[in-house]
Amino acid sequence: MPTTPAKPATTTAATTAPQLPAHPVLAGQKALVTGANSGIGRAVAIALGAAGADVAVNYVVGDAEAQEVVGEIRAKGVRAIALKADVSDEAAVEAMYAQMLREFGTIDVLVANAGLQRDSAFHQMTVAQWNTVLNVNLTGQFLCARAAVREFLRRGIVPSVSCSAGKIICMSSVHQTIPWAGHANYATSKGGVKLLMESLAQEVAPQRIRVNGIAPGAIRTPINTSAWDTKEAYDRLMTLVPYGRIGEPEDIARAAVWLASDHSDYVVGTTLYVDGGMTLYPGFATGG
Ligand code: NAD
């Protein structure tokens, strides 16, 4: 029988639905987006800035791209900083949070987005390919979420900022649900993200910390260029997408802004699929 760890006291926050904030919806909030100098993370970081948040842009390689994102966010009239850290390295994550807290004072929103693929047929997959994907995609989310929760618990709710004590958005994938031959390490990591997100959401909801996930379908980013960069590949991809177009990073960014804001205050432990219907078993549209 597993033992249940001691829990901090349940919050004494209001028990009714909150008054919604005036726009911009994230004014005064401090956000950290991991893997934010490319693709989805980049779009999310810029959108959080446009919604009024100060944003820390985490990245591991690509100083120039990170500085570019910082510049775009600052142009919206909010603060932005670049924080270089490998999310799979505990000491690096702790140092990143220490710097974020020094610069911004606290954190209100974590978007745990950093992720990668190391694809291989299963019988040829190396331990290095397996470990790299699990370490970044799953352990990275654990380390970043743990540090965020510690700060949320220390600070509690600041009603003038948000009616919750903090928000975590775990970037997952439709492959938390859809098995993916040739990508066993990636699908395993995203299946892990789903239960990490749900278990954490259950554990910290009494402290009014909201943890949710986003499961993107096929989004046009560098992680999956070969799936959309030729007409043949794009047409093949569209057989999997009932809505008939590839997703853009901004499709995910808009979902992230909503999940980070008090507009989604009663949304707890949910995965929002932003996938053009990819999880609707499109192969059954004409058969089955
Ligand atoms: P991307 O390759 O453009 O971006 C990935 C980001 O993660 C980059 O900034 C990269 O530098 C960063 N990163 C990688 N390893 C890191 C580490 N150790 N520490 C810190 N940062 C690190 O790809 P993307 O499509 O924008 O992917 C973002 C997230 O969305 C990933 O978690 C991915 O699994 C997920 N996702 C993407 C798609 C898609 O179709 N593009 C679909 C489902 C899920």
Side-chain angles (χ1 to χ4, degrees), residues 32-47 56-70 82-97 110-119 129 131-145 147 169-178 180 183 185-194 196-197 213-229 233-234 237-238 240-241 245-253 255-256 271-276 278-279:
L32 168 63
V33 183
T34 65
N37 65 346
S38 176
I40 290 171
R42 178 183 199 282
V44 168
I46 292 168
V57 173
N58 160 258
Y59 69 107
V60 66
V61 288
D63 301 300
E65 291 82 357
Q67 287 307 329
E68 221 179 88
V69 179
V70 164
L83 296 178
K84 188 171 189 168
D86 176 347
V87 296
S88 68
D89 177 336
E90 182 177 19
V93 169
E94 292 300 311
M96 171 173 73
Y97 269 82
L110 164 66
V111 183
N113 166 80
L116 44 70
Q117 291 179 213
R118 293 288 183 270
D119 305 332
Q129 286 171 318
N131 283 343
T132 299
V133 171
L134 270 291
N135 288 345
V136 173
N137 294 12
L138 185 55
T139 304
Q141 294 220 8
F142 157 66
L143 292 171
C144 292
I169 299 168
C170 298
M171 201 58 70
S172 185
S173 164
V174 289
H175 295 296
Q176 72 170 31
T177 302
I178 303 175
W180 205 15
H183 310 260
N185 46 1
Y186 183 82
T188 301
S189 74
K190 296 303 186 179
V193 165
K194 175 180 186 286
L196 168 65
M197 181 279 285
I214 295 177
I219 310 300
R220 194 195 310 267
T221 77
I223 209 173
N224 60 358
T225 310
S226 62
W228 50 261
D229 69 344
Y234 189 88
L237 181 62
M238 285 309 104
L240 302 175
V241 185
R245 72 164 173 86
I246 195 169
E248 302 296 342
E250 291 71 24
D251 288 310
I252 306 302
T271 297
L272 183 53
Y273 285 81
V274 185
D275 69 350
M278 189 178 252
T279 38

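Quick caveat, the model's predicted, so the values are computed rather than measured. One-based numbering, in listed order, for ligands and for the atoms of each.
Under the 4.0 Å criterion applied to side-chain N and carboxylate O atoms, R42 and E68 are assigned as salt-bridge partners.
The shortest distance between side-chain heavy atoms of V136 and V87 falls below 4.5 Å. Counting heavy atoms from C-beta on, the side chains of R245 and Y234 come closer than 4.5 Å. Residues V44 and N113 form no side-chain contact, since every pair of their non-hydrogen atoms from C-beta on lies 4.5 Å or further apart.
Within 4.0 Å of ligand 1, heavy atoms belong to protein residues G35, N37, S38, G39, I40, N58, V60, A85, D86, V87, N113, A114, G115, L116, V136, M171, S172, S173, Y186, K190, P216, G217, A218, I219, T221, P222, I223, N224.
How far CG of L196 is from CD of Q141: 6.5 Å, rounded to the nearest 0.5 Å.
For H175, there are no side-chain hydrogen bond (donor to acceptor under 3.5 Å, both in side chains) partners two or more places apart in sequence or in a different chain.
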